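These figures come from a predicted structure and were not determined experimentally.
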Amino acid sequence: MISLEDLNIEVKGPQPVGDIFGHLQKLRRFRLVCRGIENNLVESWGKLTSLEYLLLRSRDRTSKLEVILDLESDRRSLDISLRGQLGPPGIFEPFPVFLTRVENFVLVQGQQTVGDTFGHLQKLWKFELVCSEIENSLVESFGKMINLEDLSITVQGQQIVRDTFGHLQKLRKFKSICNGVEDSLVESLGNMINLEDLTIEVQGQQTLRDIFGHLQNLRRFCLVCSGVENNLMGSLGELTSSEDLVLDVNSKHGNLDLQIGYGQWRPWTSRSLKIRLQIAEYQKAESSMLKWLGIRLNDQQAESSILEPSPVFLRKVGELDLNCVHGAQTAIVRDMIHLESVEIVVEGPGAVPNVFKDLQKLRIFFLKCDAVEDNLEGSFAALSSLQLLDLRCKTMEHFPHVFGCFSTLEQLRISCPSLQALPNTVGNFIGLRKFKMVATGVQSLPDSIGQLSQLQKLSLRGCNHLTTLPETLGQLTRLVSLKVRWCQNFNTLPETLGQLPRLTSLKVRWCQNFNSLPESAGELSSLLCLDLKGSGLHFLPDSIKNLSQLQLLNISGCSNLYFPLVTRIFPKLNQVRDGFYATRYCRVSMSSESD
């Protein structure tokens with residue numbers, strides 16, 4: 001069989017396969033699946049000079065080996081994965097001739113020391129290594145891999161990676177994950193002038209030096225370590241060409257926890273998926289030249305030196321996602337004059353300063369904090385392009401009176417527990433389409449709300465001091481959805497409710513003091529859904545039998561409602577499964593019947 005070119009062997013028994021394939025010198029494709037190999041087939045590999053494709057899977061009591069060689073495709077790859085302990089000699093030791101054509105090499109050898117034996121792979125342009133320890137830091141091997149462009153090294157043990165990569169001047173992508181690196185790889189990185197993608201993850205307690213500023217071609221930078229010199233400000237100030245930048249720093253003393261992401265991609269998701277979807281509604285479909293910047297900062301000192309001095313790339317930032325523990329730390333937005341979207345979450349104390357007035361392009365503003373300085377009056381007066389405002393401030397007692405976005409704001413959400421009232425100027429938001437108030441101390445909405453001629457959705461939740469809505473509600477002719485939920489003292493809707501010709505959904509849920517619908521509710525000609533679940537209703541007005549478009553009536557949990565009154569309004573009530581009742585008008589949901 002010396003002329004054999006394609007060989008496929010699968011051995012299901014426990015007997016190891018012998019080292020007997022060396023005479024098959026014309027073999028081009030070889031597939032072997034077995035329970036063990038004798039002598040690791042060293043003699044055979046040395047003679048199979050024509051081999052172009054190899055699939056080897058060997059599993060015995062101590063090890064699991066998988067080898068995939070592909071010299072037929074343009075990739076010219078070799079993938080070796082070894083789990084457990086493989087007896088001597090090592091796989092492909094010495095290196096067979098056919099491996100010298102390999103250009104893409106992946107070696108996963110978790111529990112064994114990798115020897116410095118790869119010098120023959122001079123055509124290699126991509127090398128990925130995962131192991132517990134490397135011999136001599138592979139100095140001799142790397143010394144001959146002069147064409148290497150992509151190098152990834154993961155050392156899972158306690159070994160320190162030496163600073164021996166400086167001669168790899170063609171390297172464009174470098175990744176090192178280890179317990180520590182020698183002298184922060186100063187000499188190696190100093191010569192990698194063509195580097196575009198750099199990842200360094202140091203899992204031990206090592207502070208890295210601030211030595212990355214010369215890498216002007218760097219497009220992606222990921223750094224994970226326990227500490228970094230000078231908060232990396234020297235390097236970040238120079239890396240103005242970076243499209244994607246990720247920095248994760250944790251001080252070994254535990255007083256600083258800093259994470260920075262910068263670029264057009266997002267290494268972490270938004271704090272709230274709902275917020276992100278809400279913001280996405282206002283994002284432009286086409287890609288923007290402006291960048292995204294995300295910062296996570298856990299430092300109790302208000303005067304933290306984060307991003308000081310300010311790096312140049314801040315002026316390229318169009319979207320900011322900031323999470324910090326002191327309000328004063330939000331001052332970094334001062335230099336981001338091109339910001340279009342801001343999401344700020346302050347977890348700790350300290351008032352947010354009035355630093356947003358220069359953000360003339362800001363369209364989306366989400367702020368969650370304990371307190372703000374001067375109600376941000378100066379900032380809101382200057383924000384003339386704002387379209388979405390989501391304000392969640394625990395101690396804000398007075399809502400700002402003056403806004404520069406009266407004509408542009410489309411969506412307003414307020415969640416301020418200490419807020420007692422809204423000013424009449426709220427009615428000046430002439431373009432407002434969605435208005436939501438959550439858990440505020442507001443006792444009533446101003447009459448000027450009737451001026452919101454474009455309003456389509458009004459939602460009130462957890463506003464326990466709110467008792468009713470103003471009569472001017474009837475002026476909201478474009479309103480399609482009205483929701484009042486979990487407002488304990490809410491007791492009535494105005495008679496002008498019937499003047500809402502486009503209202504399709506009316507929900508008053510779990511408002512236990514709400515005891516009656518106005519008679520004018522029967523004039524809601526477009527109403528499709530009437531949801532009164534958990535309310536304190538005693539009766540339904542006869543007029544609702546005129547709601548010819550009604551598709552759903554939910555009165556479950558209305559323990560005070562006398563059911564025969566409902567059947568009098570809907571005489572053709574027929575019981576169906578799951579507590580739902582059907583009529584030719586609507587489907588009625590009830591938790592229990594009243595006799």
Side-chain angles (χ1 to χ4, degrees), residues 35-37 39-42 45 56-69 77-96 99 102 104-121 124 126-145 148 150-166 168 171 173-185 187-189 197-208 222-227 248 250 252:
R35 292 295 185 92
I37 49 178
N39 194 37
N40 290 334
L41 303 187
V42 169
W45 301 139
L56 168 61
R57 289 176 180 155
S58 172
R59 182 172 186 174
D60 56 24
R61 291 178 297 177
T62 60
S63 66
K64 180 179 179 181
L65 174 66
E66 180 174 276
V67 179
I68 302 177
L69 172 70
S77 62
L78 171 63
D79 292 8
I80 301 177
S81 176
L82 172 62
R83 297 181 181 179
Q85 296 292 331
L86 192 67
I91 186 70
F92 295 139
E93 291 183 8
F95 253 58
L99 291 186
V102 171
N104 190 326
F105 184 21
V106 177
L107 174 60
V108 180
Q109 193 165 317
Q111 299 178 10
Q112 289 190 326
T113 299
V114 173
D116 191 7
T117 58
F118 305 106
H120 298 86
L121 302 176
L124 205 65
K126 182 177 181 180
F127 184 23
E128 181 178 346
L129 173 64
V130 180
C131 62
S132 61
E133 188 175 357
I134 50 180
E135 181 186 40
N136 193 34
S137 294
L138 303 186
V139 172
E140 294 187 10
S141 297
F142 287 131
K144 299 177 182 179
M145 297 180 186
L148 206 59
D150 188 336
L151 174 61
S152 176
I153 300 177
T154 300
V155 181
Q156 298 172 338
Q158 299 298 314
Q159 187 178 23
I160 301 296
V161 173
R162 291 174 56 186
D163 189 9
T164 57
F165 309 102
L168 301 176
L171 211 60
K173 184 175 181 180
F174 180 45
K175 180 178 181 180
S176 175
I177 301 176
C178 56
N179 185 62
V181 291
E182 183 184 41
D183 197 23
S184 299
L185 301 180
E187 293 188 12
S188 296
L189 294 176
D197 191 325
L198 173 62
T199 299
I200 299 179
E201 184 174 339
V202 178
Q203 299 171 343
Q205 296 297 316
Q206 181 181 7
T207 298
L208 294 186
C222 179
L223 176 63
V224 180
C225 58
S226 62
D248 190 342
N250 295 283
K252 62 182 178 181

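- Annotation: side chain to side chain contact (heavy atoms under 4.5 Å, CB included) contacts of D183 (sequence neighbours excluded): V186, R209.
- When each of N40, I80, D60 is tested with L65 by the rule side chain to side chain contact (heavy atoms under 4.5 Å, CB included), just one qualifies, namely I80.
- Closest approach of Q156 and V130 over heavy atoms only: NE2-CG1, 3.4 Å.
- Other residues, nucleotides and ligands contribute only 12 or fewer heavy atoms inside 6.0 Å of the CD atom of Q158.
- The minimum heavy-atom distance between L208 and S184, with the atom names listed, is CA-OG, 3.5 Å.
- One N or O on the side chain of Q206 and one on the backbone of V181 form a donor-acceptor pair closer than 3.5 Å.
- Partners of S58 under the side chain to side chain donor-acceptor pair (under 3.5 Å) rule, at least two apart in sequence or in another chain, do not exist in this structure.
- When side chains are defined from C-beta on, F165 counts as touching L151, because their heavy atoms get closer than 4.5 Å.
- Scanning both residues, S188 and G166, for their nearest heavy atoms gives OG-N, 3.5 Å.
- Looking at every heavy atom in both residues, N136 comes nearest to R162 through OD1-NH1, 3.6 Å.
- Rounding to the nearest 0.5 Å places OG1 of T199 at 7.0 Å from NZ of K173.
- Two residues are said to be in side-chain contact when any heavy atoms from C-beta on lie closer than 4.5 Å; I153 and L138 fail this criterion.
- Side-chain contact between F174 and L185 is present, with at least one heavy-atom pair separated by less than 4.5 Å.
- Taking every heavy atom of both residues into account, V102 and N104 meet most closely at CG1-O, 3.5 Å.
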Determine, step by step, whether V67 and L78 satisfy the side chain to side chain contact (heavy atoms under 4.5 Å, CB included) criterion, reporting the C-alpha distance in whole Å, the side-chain angles of both residues, the deciding distance to 0.1 Å, and the verdict. CA-CA 7 Å; V67 179; L78 171 63; 3.9 Å; yes
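- Side chain of E133 to main chain of T113: no donor-acceptor pair is present (N/O by atom type, distance under 3.5 Å, no hydrogens or angles).
- We find the CG-OG distance between L107 and S152 to be 11.5 Å, quoted to the nearest 0.5 Å.
- Side-chain contact check for R83 versus V108: every heavy-atom pair is 4.5 Å or farther apart.
- Side chains of N179 and V161 form no contact here, defined as non-hydrogen atoms less than 4.5 Å apart.
- E135 places a side-chain N or O within 3.5 Å of a backbone atom of D116 that can act as its donor or acceptor partner.
- To the nearest 0.5 Å, the span separating CG on L198 from CG on L171 amounts to 9.5 Å.
- Distance CD/E128 to CG/D150: 8.0 Å, rounded to 0.5 Å.
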Using the side chain to side chain contact (heavy atoms under 4.5 Å, CB included) rule, take I37 and L56 through it: C-alpha gap first, then chi angles, then the decisive distance, then the call. CA-CA 10 Å; I37 49 178; L56 168 61; 4.2 Å; yes
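- Of all heavy-atom pairs spanning Q203 and I177, the tightest one is NE2-CG2, 3.5 Å.
- Annotation: side chain of L99 is in contact with side chain of L69 (closest heavy-atom distance under 4.5 Å).
- Scanning for ring-ring contact (aromatic ring centres under 6.0 Å, His included) contacts around F118 gives F95, F105, F127, with sequence neighbours left out.
- Formation of a donor-acceptor pair under 3.5 Å by the Q159 side chain with backbone atoms of I134 is found in this model.
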